[in-house]
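What follows is a set of notes on a single structure, which appears directly below.
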Amino acid sequence: MARILILAALPEEADALFPGEGVRDDGVFAVRRFAAHGHDLTVVTTGLGKVHAALAAGLFGADADLLLMSGTCGALDAEAGRAYWLAEAVQHDYGTVHPDRFDRYRAGDWPAGEAGEVHFAAMPDPGLGLPHARIASGDSFVACPDAGAGIARGLGAALVDMEVGALAQAAARLGKPWAAIKAVTDTADEGSSRDFHANLVRAARGAAAEIERLVARIAL
């Protein structure tokens, strides 16, 4: 039996996970606790952004064996509507601002000197058969193709969101394995806000279904 923490930024994303299981406790964060597939699960609705994700991971992750995240994302170089196994996470807004450039570093490292590898690696894929991708997280909703292209070019990311990079950093700090699955709602362009709201529930359900498959395969 494993103790598994599952984070989701929005209520639509959290409610899609094991619907009807557990009783929701509305405190600092909305939390549901229940057993599934032989594991003790805690599902937390964090709210948007890296601070919320990291705070929830810190508050609830210390006693967990595994930290997961489910939800939605924007596509930089990925297929609309698909769910992705997030093999690597980076933070696209962590680094140093120069007059002519922005140098990115691994979040938490000193942002000076020669930049090295910036990503956090997820746990091994247990064989879900999902496409793998690198996601770039930041405290901004990307609705600009030029900005999205810069993130993709600078970091090799195919997807963008506002939380997974923070979960990955928190998991590294706690010494815990992590994984995330997100489904695409939009293409990080001028229509992203409209597309996000139109596709949120469908994408949230798609990601949640894959998280449920993942939990069923976990043997810790």
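Heavy-atom basis, side chains included; hydrogens, waters and symmetry copies ignored.
Of all the heavy atoms in Thr96 and Ala112, the pair that sits closest is OG1-N, 4.4 Å. Smallest separation of non-hydrogen atoms from Thr185 and Ala203: CG2-CB, 3.6 Å. Heavy atoms only, all atoms of each residue included: Cys73 and Val160 are closest at CB-O, 3.4 Å. Heavy-atom minimum distance, Tyr84 versus Ala78: OH-CB, 3.4 Å. Shortest non-hydrogen contact noted between Leu174 and Gly61 is CD1-C, 4.2 Å. Nearest heavy-atom pair across Ala207 and Ala183 is CB-N, 4.0 Å.
Among residues at least two apart or in separate chains, there is no ring-ring contact (aromatic ring centres under 6.0 Å, His included) pair with a member in residues 103-128. Residue pairs satisfying the salt bridge (Lys or Arg N to Asp or Glu O under 4.0 Å) criterion with at least one member in residues 163-173, sequence neighbours excluded, are listed as follows: Glu163-Lys182. The side-chain hydrogen bond (donor to acceptor under 3.5 Å, both in side chains) contacts involving residues 144-158 comprise nothing, where partners must be two or more places apart or lie in separate chains. Residue pairs meeting the side-chain hydrogen bond (donor to acceptor under 3.5 Å, both in side chains) criterion with at least one member in residues 7-23, sequence neighbours excluded: Glu13-Thr72.
Residues satisfying the salt bridge (charged side-chain N to carboxylate O under 4.0 Å, His left out) test with Arg134, not counting sequence neighbours, are Glu88, Glu117. With sequence neighbours excluded, the residues forming a side-chain hydrogen bond (donor to acceptor under 3.5 Å, both in side chains) with Asp26 are Arg24, listed by chain and number. In this structure Ala152 satisfies the side-chain contact (heavy atoms from CB on, under 4.5 Å) test together with Leu76, sequence neighbours excluded. For Arg33, there are no salt bridge (charged side-chain N to carboxylate O under 4.0 Å, His left out) partners at least two apart in sequence or on another chain. By the salt bridge (charged side-chain N to carboxylate O under 4.0 Å, His left out) test, Asp93 pairs with Lys50, sequence neighbours left out. For Phe18, the ring-ring contact (aromatic ring centres under 6.0 Å, His included) criterion is met by Phe34, not counting sequence neighbours. A search for salt bridge (charged side-chain N to carboxylate O under 4.0 Å, His left out) contacts involving Asp186 returns nothing, not counting sequence neighbours.
Other residues, nucleotides and ligands contribute more than 12 heavy atoms inside 6.0 Å of the CG atom of Asp40. For Arg205, the CZ atom sits in a loose shell: 12 or fewer heavy atoms of surrounding residues, nucleotides or ligands are nearer than 6.0 Å.
Rounding to the nearest 0.5 Å places NE2 of His39 at 5.5 Å from CD1 of Ile218. To the nearest 0.5 Å, the span separating CZ on Phe141 from OG on Ser193 amounts to 5.5 Å. Here Thr187 contributes atom OG1 and Glu79 contributes atom CD; the two are 13.0 Å apart, rounded to the nearest 0.5 Å. We find the NE2-CD1 distance between His37 and Ile4 to be 9.5 Å, quoted to the nearest 0.5 Å. Note that CG of Leu10 is 7.5 Å distant from OG1 of Thr46, once rounded to the nearest 0.5 Å.
For the pairing with Phe29, the side-chain contact (heavy atoms from CB on, under 4.5 Å) check across Thr45, Val44, Leu7 returns one residue only, Val44. Among the candidates Ile135, Ile211, Leu86, Leu167, the single residue satisfying the side-chain contact (heavy atoms from CB on, under 4.5 Å) test with Met69 is Leu167.
When hydrophobic side chains of Ile, Leu, Val, Met, Phe, Trp and Tyr are connected at separations under 4.5 Å, Val201 ends up as a singleton with no cluster partners.
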request  = Start with the C-alpha distance between Leu41 and Leu17, add both sets of side-chain angles, then the distance that settles side chain to side chain contact (heavy atoms under 4.5 Å, CB included), and finish with yes or no.
outcome  = CA-CA 11 Å; Leu41 272 59; Leu17 291 157; over 6 Å; no

inquiry  = Using side chain to side chain contact (heavy atoms under 4.5 Å, CB included), reason through Thr42 and Val31 one step at a time and then give a plain yes or no.
reply    = CA-CA 7 Å; Thr42 301; Val31 180; 3.6 Å; yes

task = Decide yes or no on side chain to side chain contact (heavy atoms under 4.5 Å, CB included) for Ser137 and Asp161, but give the supporting numbers first.
result = CA-CA 5 Å; Ser137 303; Asp161 84 328; 2.5 Å; yes

request  = Begin with the C-alpha distance, continue with both residues' side-chain angles, and end with the deciding distance and a verdict on side chain to side chain contact (heavy atoms under 4.5 Å, CB included) for Glu212 and Ile6.
outcome  = CA-CA 10 Å; Glu212 292 186 24; Ile6 311 177; over 6 Å; no

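Leu128 and Leu68 fall within the same hydrophobic cluster, defined by Ile, Leu, Val, Met, Phe, Trp and Tyr side-chain heavy atoms under 4.5 Å apart, directly or through other members. Clustering ILVMFWY residues whenever any of their side-chain heavy atoms sit less than 4.5 angstrom apart, transitively, puts Met162 in a cluster other than the one holding Tyr94. Placement of Val164 and Phe60 within a single hydrophobic cluster is found when ILVMFWY residues are connected by side-chain heavy-atom separations under 4.5 Å, directly or transitively. Hydrophobic clustering, with ILVMFWY side chains joined whenever heavy atoms are under 4.5 angstrom apart, keeps Leu159 apart from Ile151. Criterion: ILVMFWY side-chain heavy atoms under 4.5 Å apart, direct or through other members. Under it, Phe196 and Leu48 are part of a common hydrophobic cluster.
Two residues are said to be in side-chain contact when any heavy atoms from C-beta on lie closer than 4.5 Å; Met123 and Leu66 meet this criterion. Looking at Leu214 and Pro126, their side chains come closer than 4.5 Å, going by heavy atoms from C-beta outward.
At least one donor-acceptor pair under 3.5 Å links the side chain of Arg32 to the backbone N or O of Ala14.
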